Amino acid sequence: MAARPTFCISTAIPYANGRPHIGHAYERIATDAIARFQRLDGRDVFFVTGMDEHGLKMQQTAAREGVTPQELADRTAAQFLEMGDALNARADHVVRTTEPRHYAASQAIWTKMQERGDIYLAKYSGWYSVREEAYFDESELTPGHDGAKNSPNGTPVEWVEEESYFFRLSAYGDRLLAHYDANADFIVPDKYRNEIVAFVKRGLQDLSISRTNFNWGVPVPGDDKHVMYVWVDALTNYLTACGYPDENAPDWRFWPADAHVIGKDITRFHSIYWPAFLMSAGLELPKQIVVHGFLFNRGEKMSKSVGNVIDPFTLASHYGVDQMRYFFLREVPFGQDGNYSHEAIVNRVNADLANDLGNLAQRSLSMIAKNCEGRAPIPGALTEADQAILDQAWALADRSRAAMKDYALHHALGEIWKVVADANRYFASEEPWAKGKTDPERRGTILWTTAEVLRNVAIMAQPFIPTAAGKLLDLVGSASDAREFAHVGAAHKIAGGLTLPGPAPIFPRYVEAEEGAASGSPAGAKS
RNA sequence: GGGCCGGUAGCUCAACGGUUAGAGCCGACCGCUCAUAACGGUCUGGUUGGGGGUUCGAUUCCCUCCCGGCCUACCA
């Protein structure tokens, strides 16, 4: 039998320094939706996430909290695991960078790059501010007292030199540019591709890839004084997930990854450093770097000092998981920054989910339950109107695929909900409730048509609102093994006479809490 | 300073250089009653950031200015 095509997709690995926030949740939800979409479309999907658990900051945070770095890492990893469950967006595979197998993978790729001649030992030097724990370029410095130099923020800097291994990134500029050129959609959206191309064209410097001032990291092969500096370690998690360096591992068939889904802040690392490392190590490059934007609370960046930090767990439990997923994926054009607020979420959820879809299901299925003995009606001859709405529903798989090809999740949802809106128009203009006495067979045809539209809509909605879509599929009598995109279309239409379970609400309306209640709106409570 | 995005209805967004710039939400009114006070219909609402230019014709292409966001290497 022919193997299903593979599809490997990853989120970035969160730094294990703090709790999950809304940005992590958004990325996980979006990646999960894409993964589910591909899986329902027949691909053998490998959905990977991980935890970035090394580095100086981990040591410092752990020390401040009186725990070991490993304990801190364990705690945070558990929180992210919990987040995956809370969002119904569990990954297939989690790589933690403190795992022994990840040490093996990181050291293996390091060794490959070294054998290639791309790693060399030198002095890393620069103006360092002890207070800020950061290096500054000569051009950024400001004059201090007595001819001393200060950082841009006014703290004293000193010239320090540290032994470090370097990666010969400077040798890869042309090859990277050639790759961007030959693979126009290697970085999407274009906006970020343009930035990266401009950056590379200015010329690349070699990259410092080891540190000696802390030891919470992967040891450099053959030189234990050094630990790998964050990016070699962190990026390699994608390889670890696929079994590297064992190229006979069962999961190695998933490499190269089809998509690394990342936030716009780490575009450079994924689209310059990572491909260069892989080229050096003689490994295949991921097919696409898919960049998403940030979410803002009422236009403001989320921050503790503004007091507008929203916990993703709170959001999910307050509005509902599917509701939260739907809102983020529908309201925010994927790739751009977006906003969330209590009003916007309530509007979206009530208008699209409760009113348009939920109510359509409820009104049509309850008519079937009451008037058709709980069985799917046997449709008579189809009118033009019936055929038109059915054709739209049956075309949804293709239309959604077209949108998802460019990771336009919001467009895919737009296509689906356009059919829902038209189905409401269809239902209203056909007036099945008025046909009971005059033409019961016609009523049956209308109700069957509506149920069949719902079936197709529900199949296509599964990646985005998995629980509710599954419920709806139950209600229209869809067998559990007939819910893939391949089952969208006339060939798998609802059989007349099929017993249906009877209607049940899919999406409750969100009703505002009473005035003065302390709970209220978690997303943007400020008025 | 250099570069990249974007600026369209109150809000979120659409419009291969081509009829009177569209859609959803919000709002107002009407209708319907099967349904989750849901659904349908109608309407209100835009000098497409400003100014030039190219063109028979510009939201779309060019120039310029204004405004917003982002990138401009070692932050995990």
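Chain letters run A, B, ... following the sequence lines, proteins first, then strands; residues in each count from 1. Computed from a predicted model, the values in this text were never measured in an experiment.
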Should the pair [X]-[Y] be classified as a salt bridge under the 4.0 Å nitrogen-to-oxygen rule?
| X | Y | value |
| --- | --- | --- |
| A:Lys123 | A:Glu161 | no |
| A:Arg348 | A:Glu343 | no |
| A:Arg425 | A:Asp422 | yes |
| A:Arg455 | A:Glu452 | yes |

Pairwise [atom1] distance, [M] and [N] [rounded to whole Å]:
| N | M | atom1 | result |
| --- | --- | --- | --- |
| B:G57 | B:U20 | P | 14 Å |
| B:G1 | B:C11 | P | 30 Å |
| B:C39 | B:C34 | C1' | 10 Å |
| B:U12 | B:G2 | P | 31 Å |
| B:C4 | B:U64 | P | 12 Å |
| B:A28 | B:G45 | C1' | 12 Å |
| B:U44 | B:A38 | P | 24 Å |
| B:C32 | B:A23 | C1' | 24 Å |

Please report, rounded to the nearest Å, how far the [atom2] atom of [N] is from the [atom1] atom of [X].
| X | N | atom1 | atom2 | value |
| --- | --- | --- | --- | --- |
| A:Ile196 | B:A73 | CD1 | C1' | 11 Å |
| A:Asn347 | B:C25 | CG | P | 10 Å |
| A:Glu430 | B:A35 | CD | C1' | 17 Å |
| A:Asp352 | B:C25 | CG | C1' | 8 Å |
| A:Gln205 | B:C74 | CD | P | 8 Å |
| A:Gln323 | B:U36 | CD | P | 18 Å |
| A:Glu343 | B:G27 | CD | C1' | 16 Å |
| A:Asp233 | B:C74 | CG | C1' | 15 Å |

Look for any protein N or O under 3.5 Å of an N or O in nucleotides 39-43 of chain B and output each such pair with its distance, or none.
| unit_1 | atom_1 | unit_2 | atom_2 | d |
| --- | --- | --- | --- | --- |
| B:C39 | OP1 | A:Asp356 | OD1 | 3.4 |
| B:C39 | O2' | A:Arg363 | NH1 | 3.2 |

Please examine the side chains of A:Glu162 and A:Arg211, heavy atoms only from C-beta on, and report whether any two atoms are closer than 4.5 Å.
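They are in contact (side-chain heavy atoms under 4.5 Å apart), so the answer is yes.
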
A:Thr76 side chain near A:Asn17 side chain, heavy-atom distance below 4.5 Å
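The answer is no; the side chains never approach within 4.5 Å.
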
Keeping A:Asp337 on the side-chain end and A:Leu295 on the backbone end, is there a donor-acceptor pair under 3.5 Å?
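Side chain of A:Asp337 to backbone of A:Leu295, a donor-acceptor pair under 3.5 Å: no, none is there.
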
Under the 3.5 angstrom rule, does the side chain of A:Trp448 hit a backbone N or O of A:Ile494 as a donor-acceptor pair?
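Confirmed, A:Trp448 side chain pairs with A:Ile494 backbone.
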
Give [X] one of three labels, base, sugar-phosphate or nothing, depending on what nucleic acid heavy atoms sit under 4.0 Å from its own.
| X | value |
| --- | --- |
| A:Gly55 | nothing |
| A:Ser208 | base |
| A:Leu204 | base |
| A:Tyr229 | sugar-phosphate |
| A:Ile506 | base |
| A:Ile266 | base |
| A:Gly203 | base |
| A:Lys418 | nothing |

Dot-bracket, 5' to 3', for RNA chain B please: Watson-Crick or G-U pairs under 3.5 Å, [ ] where pairs cross earlier ones, | where the partner sits on another strand, dots elsewhere.
(((((((..((((....[...)))).(((((.......))))).....(((((..]....))))))))))))....

Closest approach to the side chain of A:Phe507, judged atom by atom: which nucleotide of B:C74, B:G2, B:U36 is it?
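That would be B:U36.
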
What nitrogen or oxygen pairs link the protein and nucleotides 29-33 of chain B at under 3.5 Å?
none

Dump the pairs, protein N or O against N or O of nucleotides 5-16 of chain B, anything under 3.5 Å, distances to one decimal.
| unit_1 | atom_1 | unit_2 | atom_2 | d |
| --- | --- | --- | --- | --- |
| B:C5 | OP1 | A:Asn194 | ND2 | 3.3 |

Residues that A:Asp386 engages under side chain to side chain donor-acceptor pair (under 3.5 Å), provided they are two or more places apart
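A:Asp386 satisfies side chain to side chain donor-acceptor pair (under 3.5 Å) with A:Thr383, A:Tyr426, A:Arg442 only.
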
Describe, in one word, how the ring planes of [X] and [Y] are oriented to each other, choosing from parallel (under 30°), tilted (30 to 60°) and perpendicular (over 60°).
| X | Y | answer |
| --- | --- | --- |
| A:Tyr124 | A:Phe166 | tilted |
| A:Phe334 | A:His292 | tilted |
| A:Phe277 | A:Tyr273 | tilted |

Enumerate donor-acceptor pairs with a distance under 3.5 Å from any side-chain N or O in residues 185-199 of chain A to protein atoms, sequence neighbours excluded.
| unit_1 | atom_1 | unit_2 | atom_2 | d |
| --- | --- | --- | --- | --- |
| A:Arg193 | NH1 | A:Tyr180 | O | 2.9 |
| A:Arg193 | NH1 | A:Ala184 | O | 3.3 |

Say whether A:His102 and A:Asp233, considering side chains only, have a donor N or O and an acceptor N or O under 3.5 Å apart.
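Note: A:His102 and A:Asp233 side chains meet the donor-acceptor criterion.
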
Going by atom types only, do A:Ser164 and A:Ser208 share a side-chain donor-acceptor pair under 3.5 Å?
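A donor-acceptor contact under 3.5 Å links the two side chains.
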
With a 4.0 Å limit, can you tell me whether A:Arg509 has a side-chain N or O closer than that to the phosphate oxygens OP1/OP2 of B:A38?
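Affirmative; the distance criterion is met.
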
Using the closest heavy atom to pick a nucleotide of RNA chain B for each, name whichever of A:Ser364 or A:Lys264 lands nearer the 5' end.
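Comparing both residues, the 5'-ward one is A:Ser364.
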
Can you work out whether A:Leu357 or A:Tyr124 has the more 5'-proximal nearest nucleotide on RNA chain B?
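First, find each residue's nearest nucleotide; the 5'-ward one identifies A:Leu357.
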
So, for A:Ile266 and A:Ala12, which heavy atoms are closest and what is the spacing to 0.1 Å?
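Looking at all heavy atoms of both residues, the closest pair is CD1-CB, 3.7 Å.
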
